[in-house]
Amino acid sequence: MAEPEQDHIAVADESRLKTGLRPRHLVMMSLGSAIGAGLFVGSGEGIALAGPAALIAYAIIGLIIVSVMRMLGELAAADPNPGAFSYYVGKALGSGAGFMMGWLWWIQMTLVVSAEALAAAEGLNSLVGVLPAWGWALIFMVVFTLLNLSGAANFGELEFWLALVKIVFIVVFLAIGAAYLFGWTSEPSPGMENVGAILPNGIGGVTAALLVIAFAFGGIEIIAVAAAETDDPGPSVTKAIRTIVWRILVFYIGSVLIIILVLPIDDDRLKSGPFVGVLEQAGLPAVATTMGAIIVIALLSSMNVNLYGASRMLFSLGVRGMAPGGTARTTSNGVPVRAVLASVIVGFAMVPANYVWGEQVLDQLLALVGSTLLVTWLSITTAQIVLRRRADRNGVHLPMKMWLYPYLSWATLIALGVIVALGLWTESVRSQIVSTAVLAVVLWGVGAIVARRRSAADATPATSPSEE
């Protein structure tokens, strides 16, 4: 059986990164990561697949993420580490599992960064033109690569204000949508006319939508990754997680409800831009144009924070001997430069791909990410169950605890298992889940081999000069 990762790794990681993030930065970073392409682009895709039942699907995924975040909060508050859930999974299930989780999440984040860059580029191209989408995507990749090479404190402050723009926009959108539905605008309210059949594409449509919706919530777990660069990380993470989850649910569920009520299921704007479509339908085309620009800013904010998360995860893997050693090197201001540069490779590669294949690239990226998130949440849940049992057995004090443990933890694990089973049953997403599972198993196996070789090397006594 593989040995769990040792606690001293946390000290090694934290000594190389510099603190500077505050609780308000953590909250806004998580909001900045979660409120991006998944909401502004993926929400319409989910509604098109599931119809009005998308609201139920969002509620199900929302409840799951509430539980997962509480479990992650328990782990991060007790032992903050830039490897976050990769580190916790390694402690619970062995280094092979930690290797798998770290690399799978890094791959996921690099794909998300690419998706955010392309979505923002297409949005800006539709607003102002000037450059083709691939040209804007290239500019975004260059600019945000440079921004991520600055210190954590500067990054956190910038992200705070970028994420604040998103929150203000969501609040304004919810207010305008509600006013339109209540008949308080110049355009007549559609009432319940657009609801139609609850399951227009059957259970299969809901199942396919679940993975798209899962992607929408992806990134919120970055709060645990950033904890190691936060002053007084335990209380900071506890406070941040307690305040962030309900905000995410209100923003997501409220926005999706308004989109379902305002736009018919066959409206092309569901896939191209559901938020702008709602504002246009409400008779506010000028506001829709302004909001289109704000959506671009929101997407760039999400791209920015996800690039941060990818680089810190790769840095942690490097420190633990699970990635090339150069990725663990930092500058004098605590920036893992090589980890940042490695994390933008996929994003830059998507620029010529977008030039050749156009918007199809974004659709494929959105489809790829959903199932990897399920692996992340399954791993976090399993790790929390194992490590909580150890903590209780050893009498370890936990500054933050999971609700109704172990019952809610097990219920969350079962719910995630049911979603995976439904995905395997649904032909349109079966190959995606199977390919992700195969990748996870391969990474786990590679990680076990790497850990075994590292242990063997550590156990080999050094040869003294007199013995040569």
Quick one: are [X] and [Y] in side-chain contact, heavy atoms under 4.5 Å?
X	Y	answer
Met141	Val113	yes
Gln108	Val375	no
Leu387	Arg390	yes
Asp79	Leu75	no
Leu138	Phe348	yes
Leu300	Val143	no
Ser409	Arg388	no
Arg453	Ile449	yes

Using 0.5 Å steps for rounding, measure from the [atom1] atom of [X] to the [atom2] atom of [Y].
X	Y	atom1	atom2	value
Met71	Thr382	CE	OG1	9.0 Å
Met322	Thr327	CE	OG1	12.0 Å
Glu221	Ile65	CD	CD1	6.5 Å
Ile222	Phe85	CD1	CZ	8.0 Å
Ile139	Trp134	CD1	CH2	9.5 Å
Leu413	Ser379	CG	OG	10.0 Å

Would you confirm whether [X], through its side chain, and [Y], through its main-chain N or O, come within 3.5 Å as a donor-acceptor pair?
X	Y	value
Thr376	Thr372	yes
Ser316	Arg312	no
Tyr405	Ile385	yes
Ser301	Ile297	no
Asn306	Met109	no
Asn125	Leu131	yes
Arg320	Ser95	no
Trp103	Leu317	no
Thr330	Pro336	no
Thr110	Ile107	yes

*Using the ring of each side chain (for Trp, its six-membered ring), is Phe144 parallel, tilted or perpendicular to Phe140, with breaks at 30° and 60°?*
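Phe144 and Phe140: perpendicular rings.
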*Which word best sums up how the rings of Tyr252 and Tyr58 line up, parallel for under 30°, tilted for 30 to 60°, or perpendicular for over 60°?*
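Judged by the thresholds at 30° and 60°, the geometry between Tyr252 and Tyr58 is tilted.
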*asked:* Let's go through Ile419 and Ile64 carefully: what are the C-alpha distance in whole Å and the side-chain angles of both, what is the deciding distance for side-chain contact (heavy atoms from CB on, under 4.5 Å) to 0.1 Å, and is it a yes or a no?
replied: CA-CA 11 Å; Ile419 292 176; Ile64 288 174; 3.6 Å; yes
Could you tell me which non-hydrogen atom of [X] sits nearest to which non-hydrogen atom of [Y], and how far apart they are?
X	Y	result
Leu398	Ala78	CD2-CB, 3.8 Å
Ala53	Val206	CB-CG2, 3.9 Å
Ser86	Met313	CB-SD, 3.6 Å

_Test log, rule side-chain contact (heavy atoms from CB on, under 4.5 Å), inputs Leu378 and Val420_ = CA-CA 10 Å; Leu378 282 165; Val420 172; 4.1 Å; yes
*asked:* I'd like to know whether CZ of Arg430 has more than 12 heavy-atom contacts from other residues, nucleotides or ligands below 6.0 angstrom.
replied: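 More than 12 within 6.0 Å, yes.
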